[in-house]
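Have a look at the structure below before the remarks.
All values derive from a computational prediction rather than experimental measurement.
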Amino acid sequence: MADAPQIVSPEIHQSTLPHYDNNGGDVRHRKKSVGLVEIHGPNGQTKTVNLEEMSDADAQLAAQFGYNPVFKREFGYLSTFSFAVSISGLFATIMTTFSYPLSAGGSAAAVWCWLISGAGCMCIACSVAELVSAYPTSGGLYFTISRLAPKDWVPALSWLTGWINLLGQVAGVASSEYGAAQMLLAAVAIGSDFNYVITTNTTIGVMAALTVLTGLVNSLSTYWMEKMTKTYVIFHVLVLVSCSIALLAKTENKHDATYVFTDVESGSGWTPVGFSFLFGFLSVSWTMTDYDATAHITEEISQPEVKAPWAISMAMLFTYLAGFLFNIVLCFCMGDPTEILASPIAQPVAQIYYNSLGKAGGIFFTVCGFVIIKFVCFTAMQALGRTVFAFSRDRLIPLSHVWTKISPLTGTPLYAVWISVFWCIVINLIGLGSYAAISGVFNICAIALDWSYIIPIACKLLFNKFEPGPWHMGVFGKFVNAWACLWTLFVTIIFLLPTVVPVAADTMNYASVFLVFILVCAAFFWYLGGRRYYTGPIVEAQAESYQSDDGSSPNAAEADSKPYKETDS
């Protein structure tokens with residue numbers, strides 16, 4: 001792996017300007033190294049960088065985390081928040097997953113599962129935000145293992161966390177692209193007065209074309225990605241609010257509050273019905289996940305230790321509250337749940353739009369859902385490409401020297417983006433054999449991503465090596481972290497069970513198959529060679545502050561004779 005950075009002419013100063021956290025506490029800025037840092041890359045190349053010529057964030061990345069800054073920091077507060085909101089894609093992701101709580105427990109499941117599961121997801125999101133503030137690198141929570149776990153445990157835990165996170169992100173993009181294809185075809189079917197018949201082969205073909213489109217968009221520079229992302233949150237909120245108002249105003253035979261909040265109807269076959277109710281947690285867990293996507297673009301954010309965690313926590317809070325309200329609106333206006341679940345376009349929410357708003361309204365809001373979920377795909381693919389780059393930087397992935405290449409034209413890792421496009425298409429090709437397998441992709445997305453977060457969070461709790469950044473939860477942190485771990489363990493058991501009984505080939509939950517497959521692959525690569533060369537993320541190197549007897553700093557020649565200090569804290 002890449003050697004630790006060598007400090008050639010170091011000098012450290014501490015900013016005296018106070019920075020206040022969300023609780024009003026005075027949190028000092030991090031130490032900023034100045035001088036020269038010699039960084040050895042993953043391919044053996046060496047580069048010397050001058051920290052004085054860098055921004056604070058780039059200097060911290062080079063000196064504290066040992067990585068060479070290669071991205072332009074184009075993202076500010078609005079674009080970072082918009083990026084974090086776009087990852088959830090609330091309006092569209094509810095459209096693609098509303099059938100899960102509805103078939104599991106009816107209207108009551110759609111409402112209360114969101115409220116209950118969303119609280120657990122918020123605990124995970126805040127725990128992730130706290131770690132991102134402390135360690136803002138493109139590696140995300142995978143990187144934090146090197147700072148939170150005992151040194152001897154770092155290689156194995158980082159390897160496992162990295163591969164699980166990679167599976168979750170690929171499954172997340174793949175399932176989003178499949179949902180986008182379903183929405184686009186649903187709009188076509190509504191436009192043809194339901195004469196157009198949607199087939200699995202057509203859906204897979206459209207999915208592949210849309211994934212290639214996502215790759216093309218992600219081939220743009222960070223500058224254009226930031227400009228495109230910034231406008232998204234405004235569009236999303238306008239669509240969400242206008243659709244809710246239109247449904248409430250135009251739906252003639254709405255359900256009453258008693259039905260919406262108390263009616264339980266299970267179509268899963270599980271008994272007792274209360275157990276079936278639990279499968280409704282999948283909708284919110286799939287929507288409110290991928291929290292660390294924003295972490296993977298921290299090397300493209302100015303002041304990432306503040307803006308990234310703020311964006312993660314605020315975006316998830318918006319998703320939690322707005323999602324709860326939107327589910328209530330849908331339940332009031334959905335009509336007979338059995339009829340919309342049996343819709344020929346396989347999109348219950350699109351059918352609600354058609355039933356309540358007519359053909360024009362149905363097409364309009366279904367297309368809006370398609371546009372929103374494509375934004376989900378654009379931003380999720382950006383995060384996935386940066387993840388592949390960051391993991392390759394530490395030689396976690398085979399052929400790492402290829403995926404770390406940065407295009408001189410766009411300043412982005414194009415090879416990492418397009419290998420991601422390839423695998424997202426491949427995983428969805430499984431749908432040609434079984435639609436149940438695609439459902440397994442939805443399930444494994446939530447499981448894998450959440451476990452890649454919980455492993456570092458558990459390390460934070462167990463080993464007490466965490467050094468908080470500017471954004472932290474103070475005394476409440478350990479309680480929130482503990483609940484995040486317990487909640488993830490609970491929902492994982494639910495998401496690995498078959499959602500329908502009796503179990504058959506076309507109703508099997510294949511999430512467990514995907515999980516076992518990626519763990520076998522990770523173990524195979526580990527024993528094939530990973531354990532011999534992989535030692536975890538780059539070990540932190542900090543410059544020592546040298547001063548002469550008269551209190552002055554040494555010159556470059558004197559500093560060259562001083563050893564650099566490595567720490568694993």
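Here the closest non-hydrogen pair linking Tyr142 and Ser158 is CD1-O, 3.3 Å. Residues Ala171 and Ile444 share a closest heavy-atom pair of CB-CG2, 3.7 Å. Scanning both residues, Cys424 and Met381, for their nearest heavy atoms gives SG-CE, 4.2 Å. Cys368 and Val239 get closest at one heavy-atom pair: CB-CG1, 3.8 Å. Pairing each heavy atom of Pro456 with each of Thr144, the nearest pair is CB-OG1, 3.3 Å. Closest heavy-atom contact between Ile352 and Cys333: CG2-O, 3.9 Å.
Applying the side-chain contact (heavy atoms from CB on, under 4.5 Å) test to Ser407 and every residue at least two apart in sequence or in another chain returns Leu409, Thr410, Leu414. Under the side-chain contact (heavy atoms from CB on, under 4.5 Å) criterion, Ile363 pairs with Ile190, Lys359, Val367, sequence neighbours left out. For Leu357, the side-chain contact (heavy atoms from CB on, under 4.5 Å) criterion is met by Ala246, Leu247, Lys250, Phe365, not counting sequence neighbours. Shown here are the side chain to side chain donor-acceptor pair (under 3.5 Å) partners of Ser285, two or more places apart in sequence or in another chain: Ser117. Phe479 meets the ring pair (Phe, Tyr, Trp, His ring centres under 6.0 Å) test with no other residue; sequence neighbours excluded. Taking the side chain to side chain donor-acceptor pair (under 3.5 Å) definition, one finds that Thr387 meets it with Gln169, His296, sequence neighbours left out. In this structure Thr379 satisfies the side-chain contact (heavy atoms from CB on, under 4.5 Å) test together with Phe83, Ser86, Ile87, Thr229, sequence neighbours excluded.
Once rounded to the nearest 0.5 Å, the distance linking CG of Leu115 with CG of Leu321 reads 9.5 Å. In this structure, the separation between CZ on Phe514 and SG on Cys445 is 12.0 Å, given to the nearest 0.5 Å. With rounding to the nearest 0.5 Å, the separation of CD1 in Ile301 from NZ in Lys307 is 8.5 Å. Here SG of Cys459 is found 6.5 Å from CG of Leu148. Values are rounded to the nearest 0.5 Å. In this structure, CD1 on Ile164 lies 8.0 Å from CG on Leu167, to the nearest 0.5 angstrom. Note that CG of Leu90 and CE of Met95 are 12.0 Å apart. Values are rounded to the nearest 0.5 Å.
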Donor-acceptor contacts under 3.5 Å from residues 119-127 side chains, at least two apart:
residue	atom	partner	partner atom	Å
Ser127	OG	Cys123	O	2.8
Ser127	OG	Asn481	ND2	2.7

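The six-membered or imidazole ring of Trp487 lies near that of Phe281, with a centre-to-centre distance under 6.0 Å. Aromatic ring centres of Tyr453 and Tyr291: separated by under 6.0 Å.
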Worksheet item: Going through the checks in order, is the side chain to side chain contact (heavy atoms under 4.5 Å, CB included) test met by Thr412 and Gln382?
Response: CA-CA 10 Å; Thr412 56; Gln382 184 180 0; over 6 Å; no

Discussion item. Is there a ring pair (Phe, Tyr, Trp, His ring centres under 6.0 Å) between Trp403 and Phe391? Walk through the geometry before answering.
Written reply: CA-CA 9 Å; Trp403 321 128; Phe391 288 2; over 10 Å; no

Worksheet item: Checking side chain to side chain contact (heavy atoms under 4.5 Å, CB included) for the pair Ile457/Cys485: CA distance, chi angles, key distance, verdict?
Response: CA-CA 8 Å; Ile457 293 170; Cys485 294; 3.9 Å; yes

Fill in: Audit row: Phe490, Leu278, side chain to side chain contact (heavy atoms under 4.5 Å, CB included) steps and yes/no
CA-CA 10 Å; Phe490 170 69; Leu278 300 178; 4.3 Å; yes

Practice prompt. Just do the side chain to side chain contact (heavy atoms under 4.5 Å, CB included) check on Phe332 and Thr251 with the steps written out, would you?
Written response: CA-CA 9 Å; Phe332 269 111; Thr251 304; over 6 Å; no

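Sequence neighbours left out, the pairs with a member in residues 441-464 that pass salt bridge (Lys or Arg N to Asp or Glu O under 4.0 Å) are Glu130-Lys460. Pairs engaging residues 404-418 under the salt bridge (Lys or Arg N to Asp or Glu O under 4.0 Å) rule: none recorded [sequence neighbours left out]. Annotation: salt bridge (Lys or Arg N to Asp or Glu O under 4.0 Å) contacts involving residues 313-327, sequence neighbours excluded, are absent. The side chain to side chain donor-acceptor pair (under 3.5 Å) pairs that include a residue from residues 413-424 are Ser219-Trp418, where partners are two or more places apart or lie in different chains.
When atom types are taken as modelled, the side chain of Ser88 and the backbone of Val85 share a donor-acceptor pair closer than 3.5 angstrom. Formation of a donor-acceptor pair under 3.5 Å by the Ser356 side chain with backbone atoms of Tyr353 is not found in this model.
Trp114 and Ser283 form no side-chain donor-acceptor contact under 3.5 Å, judged by distance and modelled atom types alone.
Using a 4.0 Å cut-off between charged side-chain N and carboxylate O, Lys374 and Glu177 make a salt bridge.
Between His236 and Phe91, the ring planes are perpendicular. Angles over 60° get that label, and only those under 30° would be called parallel.
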